[in-house]
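Here is the naming used below: chain letters follow the sequence lines, and residue numbers restart at 1 for every chain.
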Protein chains: 4
Amino acid sequence: MRVVVWNENRHEKTNQVVSDIYPKGIHGAIADFLKEDIEDVKTATLDEPEHGLTDEVLNQTDVLIWWGHKAHDEVKDEIVEKVHKRVLEGMGLVVLHSGHFSKIFKKLMGTTCDLKWREADEKERLWVIDPSHPITAGLGEYIELEKEEMYGEHFDIPAPDQLIFLSWFEGGEVFRSGATYHRGNGKVFYFRPGHETYPTYYNKEIQKVIKNGVKWVSPTDRPRPTYGNVEALEEISGK
Amino acid sequence: MRVVVWNENRHEKTNQVVSDIYPKGIHGAIADFLKEDIEDVKTATLDEPEHGLTDEVLNQTDVLIWWGHKAHDEVKDEIVEKVHKRVLEGMGLVVLHSGHFSKIFKKLMGTTCDLKWREADEKERLWVIDPSHPITAGLGEYIELEKEEMYGEHFDIPAPDQLIFLSWFEGGEVFRSGATYHRGNGKVFYFRPGHETYPTYYNKEIQKVIKNGVKWVSPTDRPRPTYGNVEALEEISGK
Amino acid sequence: MRVVVWNENRHEKTNQVVSDIYPKGIHGAIADFLKEDIEDVKTATLDEPEHGLTDEVLNQTDVLIWWGHKAHDEVKDEIVEKVHKRVLEGMGLVVLHSGHFSKIFKKLMGTTCDLKWREADEKERLWVIDPSHPITAGLGEYIELEKEEMYGEHFDIPAPDQLIFLSWFEGGEVFRSGATYHRGNGKVFYFRPGHETYPTYYNKEIQKVIKNGVKWVSPTDRPRPTYGNVEALEEISGK
Amino acid sequence: MRVVVWNENRHEKTNQVVSDIYPKGIHGAIADFLKEDIEDVKTATLDEPEHGLTDEVLNQTDVLIWWGHKAHDEVKDEIVEKVHKRVLEGMGLVVLHSGHFSKIFKKLMGTTCDLKWREADEKERLWVIDPSHPITAGLGEYIELEKEEMYGEHFDIPAPDQLIFLSWFEGGEVFRSGATYHRGNGKVFYFRPGHETYPTYYNKEIQKVIKNGVKWVSPTDRPRPTYGNVEALEEISGK
């Protein structure tokens, strides 16, 4: 399994709070815990040439993790098209937190992916809704985060193929926090937590979910279907 | 209820077979049978200014029906954006046959919407898979079309929110022929039959499905949710 | 449309708090507001012969509403079988609150339908998750109930065909509060609120949801499919 | 992983055609190919004490495969209850072919699970509908079986959580042939092929699907949720 952790990596350069929490960047922190289980973990960031997502990199990636926030618009449409194509070919995609507004997630969902939000150091509790799902392996009934940004419904996404987590927030909102989608040959997992000003990605349970998610979205070993004009498999009467 | 039947209306101008079957255009044929039940039915076509879909028209449309085939690329992106926005605001959308490859359907689905196809005068049988669904009202167990174009799986769409019809084709293929989706405040119904060289839209059962579909996608009377930064509804501890 | 409101009607006989709130019984209160829109609304209760659900009654019912709590076990299996059969034939079913543990709901779901609960006068906020769904017509973004019993996840049900409401509770839990299911020719709507010691069924928004729900589950006009041994529709090669 | 292949094992005792094809029983044939990949594969049959499904066996089973046909009624309700409980606790269940009418499958589905059928040596073609699903790993676009019993829609099941295969039959029918369900902590995979008078379980692609299915339904490592009366996690105002 070959994983690439993609990060916008802008807050880390301009906000001392963020760089203090994530000295190696959010991508670095995520790559670090993934390496505990997976040998081939690389990172890529917005300001690299082609955002670090060259054809060579994409073609050798089984699972792509995406974190972005303030610079979604700077991601080139051409790269988004390539990532989209790769997902439909089978590459897994894990979209984290504010990645809900990324071009690639919106393109795959077909909706605005808009939501309510608030920064108020709120307690978040992520309840497991589907205890049969492999993404919940090793977890208890809920994950509690002492302080996080709030995301609230309505979350403008298509109904998830599987809904896995629901968040409760102190200030009165709920949110579909863990959702999976099948798109073409590929699988997508959206997971809510991870605002840049909190140390969320050091939380062991959050790490477990992301590890499980990477495993769950990993490619199914099979060819992409063929499309277009085809011959009949059976004789058609009178022809 | 205000319905607009949109048609590319190009085959009708260049192919005698098509214009013989549909002298008033495919849009005209569909509008005709809808008017049996609905008072306010209009049509719009590609070659009209703004494709007949001005802001005024779109804002006064409850349900839009879409038929297109050979000129999908000529539909302006700007109009597609407006239709997309209206669907998310609640306008119903019924996509017919080769409309699977329209810009608006692909944008709402997030996938290629590709499929297999063959023109060989094949028998098609559309089986009712969800007999509880209002779109199947008044139908028997299946609809039989003596001759149609074949569409076959894999159909590269997200798993439908509700799968209503499955087609059997003489030449050996199957197809998810009736599928519904919820997107934002809007509802979408894709219905497969209706190749331009067959008189499919004169079939009374096909007409019934389209009538039922129009009713099913019609807007739910409620506001679009609000999005963005919000105040807490509950007191947050220590604040 | 012919509606029957079924109620266990036991708390009303033994608990002064409940009979003060619902002097005509929970069934009476629900029937009263449904009659504002629907002409033919009847009630039936546990202690009537055959629980008020004779063959004659069931065969003339389009939509059955179910409220039960402490006497689920006293509902005769034979009656449950008949109701189950009628749902699969197309009769709509609206299951309210503690009806989650009724024999009929458990039989239709195939799971324990268990959940967490607490009686602590908690604020409940039911968020609209699917703003396109007709059951949400006329509502705002959420319904607030000042005091209700808490129901919390995990709710041991199959993933709903459509998830419509999510509840937030003051004490830290979330719950899938509005869920629809298609079963055979029938449709089922589970709606959470309505603990017997609160005046929830006088709340205008709750009434609107139940009215919308009754409309949504109402039968689709079509025959039940045929099952069993059948002749081939097409010639089978070499036979 | 510990797998138990359960078989009614009655046709094998009374029908020479069946015992010639499956000299070790259908269970023996399935166990044989599973053992290529899995170490701990056992079998159990109807006529053993407790149908071979003692508490000890069930408690040590990760995945149960079920084949039954003519003796569904002889399976004791008490054993069905135990299997049901184990599925909700996380044991995977693979239901094959005529197992659609088994007590355990009907109990988990909540519907009649009825269908159309015909024995006419028909060609079946199972099309892959969800190419992202791990159950399709290693397959092409469809599996072809030269001769099989026909199963046709309407198949009276709840809409699958994931629909994976659709069958085309020579005689004019279609069928949802591969379907998965989440129930409690457990996962269920229904797979259509395998009539007793055909050598279907020797087909390498069918074997691959069953192997993939066993892997897919295998238990997620996590506790069953707790249910019932609970304390509040957060302070409730005024209490």
Task: Per-residue contacts, residues 154-162 of chain B versus chain C, heavy atoms under 4.5 Å - done: B:Gln162

Task: Nearest non-hydrogen partners of C:Gly186 and B:Ser132, listed with the distance - done: O-CB, 3.6 Å

Task: Best-contacting candidate, C:Leu88, C:Thr226, C:Val128, against chain B by heavy atom pairs under 4.5 angstrom - done: C:Thr226

- [ ] Under 4.5 Å, heavy atom to heavy atom: which of residues 133-145 of chain B reach chain C? Give them by number, or say none.
- [x] B:His133, B:Pro134, B:Thr136, B:Ala137, B:Gly138, B:Leu139, B:Gly140, B:Glu141, B:Tyr142

- [ ] Please list, in residue-number order, every residue in residues 211-225 of chain B that has a heavy atom less than 4.5 Å from any heavy atom of chain C; write 'none' if there are none.
- [x] B:Thr220, B:Asp221, B:Arg222, B:Pro223, B:Pro225

Task: CD (B:Glu36) with more than 12 external heavy atoms under 6.0 Å - done: yes

Task: C:His51: partners by ring-ring contact (aromatic ring centres under 6.0 Å, His included), with sequence neighbours left out - done: none

Task: Gap separating the NE2 atom of C:His182 from the CD1 atom of B:Ile129, nearest 0.5 angstrom - done: 14.0 Å

Open item on the list: On a heavy-atom basis, which atom in B:Gly184 and which in C:Pro131 lie closest, and how many Å separate them?
Closed with: O-CG, 3.7 Å

